[in-house]
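Read through the structure below, which is laid out as structure tokens, and then see the notes.
As the structure is a prediction and not an experimental result, all values here were calculated from the model. In what follows, every heavy atom counts, from backbone to side chain, and hydrogens, waters and symmetry copies are set aside.
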Amino acid sequence: MKTPLAWLQLTHEKTRLLVALAGITFADVLMFMQLGFRDALFDSSVRLHQSLDGDIFMLNSKTDTLTGIRSFSRRRLYETLGVDKVDSVTPMYIGVSTWKNPLARKTRNIFNVGLNPDQNVIMLPEVQENISVTKKQDVVLFDRLSRKEFGPIAELFESGKTVKTELGNRQIKVGGLFSVGTSFGADGTVITSDINFLRLFPDRKQGLIDIGVIKLKPETNLENNLEFLRDTFDYEDISFYSKQEFIKHEQKFWRNRTPIGFIFTLGTIMGFIVGTVIVYQILYTDVADHLPEYATLKAMGYTDFYLLTVVFQEAIILGCIGFIPGVSFSMLLYYNAAKATGLPIMMVTSRAIMVLILTILMCCISGVIAVGKLRAADPADIF
């Protein structure tokens, strides 16, 4: 089997080949990291949403995100109990208060969730097991995946020590742990009872809630009842969402209403452009250095199409080989980034395929630009 001319061309200058692969690897890593952080932004922002056991969710119409939530009257939620297909409703409270590191004594904002322990709708196993302890005054559950700046709470609790600290302006006790993780809007989370929540936020009016979780009766059509609730309770200050709509509503805020999503997308584009320039320079130099050889092939009767095919083969080979170290380095960086931040940064097949396609496209675009000089190669001019 004959070795392809494109491979011989690339391997003839091994230093140039290594430089090209290093450039493609760098571009791939840049694209992988930007896409990884962007997806981590969207995934982490809806961790709590995904854990909620409900069919329909009621929010203030002005609420764009849980980190900037608006309250509404609890009466609005209980009115829906008059609908025949509604099985139960659960009010939830959301707020942000200051947590004091029990060892370092430094404070940091933490996300607070309050709900009736007898109507728990957070379907995390550890929350289901331990939610009853929050019936005691000033007892909370702490997210073990919160950032380390809150203190070694999980280690202290699991070693059997009593963990007490200040949350807001109250002395609280950690009564259990759960795992949900950080996000770009919340570095840590605590869950407690609705009564304890209102103690932590004494300025909150008891009649105001932040999320209404509605569960329908079994074998009930979700879409029909969602539309019925929207038509029946057509209040300007209230919006109803299915669970998927609730999740998409949150992600839409981070994608369109904040600069973070745009920045990560721009970073991906910049990585693509950087890779294209690097590969173009390598291919253009290769074509320029071997112009007499290409002209000789032309004189022997080889067509421009054949020569262009050789350059495109070089581009695709570079893209495929450069992708391998790119994805490998990215997986290592993902692991370290996830460990340092607590964000759900991991390699997924769809992203790897996307970057591979972008890499090959990047190399092909570079090839299209580089072959301009090859088309002009005239044997008479060169010899």
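- Each ring-ring contact (aromatic ring centres under 6.0 Å, His included) pair with one or both residues in residues 114-147, not counting sequence neighbours, appears once here: W99-F142.
- Side-chain atoms of T182 and D187 form no donor-acceptor pair, as typed in the model, at a separation below 3.5 Å.
- Neither V46 nor F178 shares a network with the other; the hydrophobic side chains, linked directly or stepwise wherever heavy atoms of I, L, V, M, F, W or Y lie under 4.5 Å apart, form separate groups for each.
- Judged by distance alone, the side chains of S239 and S61 do bring a donor and an acceptor atom under 3.5 Å apart.
- No side-chain donor-acceptor contact under 3.5 Å links E129 to the backbone of E126.
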Test side-chain contact (heavy atoms from CB on, under 4.5 Å) applied to I24 and T359, step by step: CA-CA 8 Å; I24 294 171; T359 303; 3.8 Å; yes
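- A chain of hydrophobic side-chain contacts below 4.5 Å, direct or via other Ile, Leu, Val, Met, Phe, Trp or Tyr residues, connects M33 to F323.
- Counting only N and O atoms by type, the side chains of Y93 and Q206 include no donor and acceptor under 3.5 Å apart.
- Ring pair F184/F264 is perpendicular by interplanar angle, where above 60° counts as perpendicular and below 30° as parallel.
- Looking at E250 and S45, their side chains never bring a donor and an acceptor atom within 3.5 Å of each other.
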Pair V213-Q119, side-chain contact (heavy atoms from CB on, under 4.5 Å): steps then yes or no: CA-CA 10 Å; V213 182; Q119 295 178 295; over 6 Å; no
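- Although no hydrogens or angles enter the test, the distance criterion places no donor-acceptor pair under 3.5 Å between the side chain of T232 and the main chain of L229.
- Residues L177 and F111 fall into different hydrophobic clusters, defined by Ile, Leu, Val, Met, Phe, Trp and Tyr side chains chained together at heavy-atom separations under 4.5 Å.
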Criterion salt bridge (Lys or Arg N to Asp or Glu O under 4.0 Å) on K173 and D138, from CA distance to verdict: CA-CA 6 Å; K173 175 183 176 182; D138 297 326; over 6 Å; no
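- When all heavy atoms are compared, the tightest approach of V139 to N196 is O-ND2, 3.4 Å.
- The two residues V86 and L81 make their nearest non-hydrogen contact at CG1-CD2, 4.1 Å.
- Partners of D203 under the salt bridge (Lys or Arg N to Asp or Glu O under 4.0 Å) rule, at least two apart in sequence or in another chain, do not exist in this structure.
- No side-chain donor from either of T25 and D28 sits under 3.5 Å from a side-chain acceptor of the other.
- Looking at S44, its side chain does come within 3.5 Å of a backbone N or O of A40 through a donor-acceptor pair.
- S366 contributes a side-chain N or O that, together with a main-chain N or O of T276, makes up a donor-acceptor pair within less than 3.5 Å.
- Ring-centre distance between F57 and F246: below the 6.0 Å cut-off.
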Full working for side-chain contact (heavy atoms from CB on, under 4.5 Å) between S179 and R144: CA-CA 6 Å; S179 301; R144 60 160 51 86; 3.1 Å; yes
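- Between F233 and V83 the shortest heavy-atom distance is CE1-CG2, 3.7 Å.
- Side-chain atoms of T220 and N225 form no donor-acceptor pair, as typed in the model, at a separation below 3.5 Å.
- Taking each heavy atom of N60 and R70 in turn, the nearest pair found is CB-O, 3.4 Å.
- Contact record, G267 with L30: O-CG, 4.1 Å, taken as the closest heavy-atom pair.
- Distance alone, capped at 3.5 Å, is enough to place a donor-acceptor pair between the K217 side chain and the D84 backbone.
- T341 places a side-chain N or O within 3.5 Å of a backbone atom of L343 that can act as its donor or acceptor partner.
- The shortest non-hydrogen separation linking V127 to L141 is CA-CD1, 4.2 Å.
- Within the structure, the salt bridge (charged side-chain N to carboxylate O under 4.0 Å, His left out) test picks out no pair touching residues 85-98 (sequence neighbours left out).
- A salt bridge links R230 and E227; the closest N-O separation between the charged side-chain nitrogens and carboxylate oxygens is under 4.0 Å.
- Residue R75 qualifies as open at atom CZ: its count of foreign heavy atoms under 6.0 Å is 12 or below.
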Candidate pair N101 and R108, rule side-chain contact (heavy atoms from CB on, under 4.5 Å), full reasoning: CA-CA 8 Å; N101 185 319; R108 192 179 184 90; over 6 Å; no
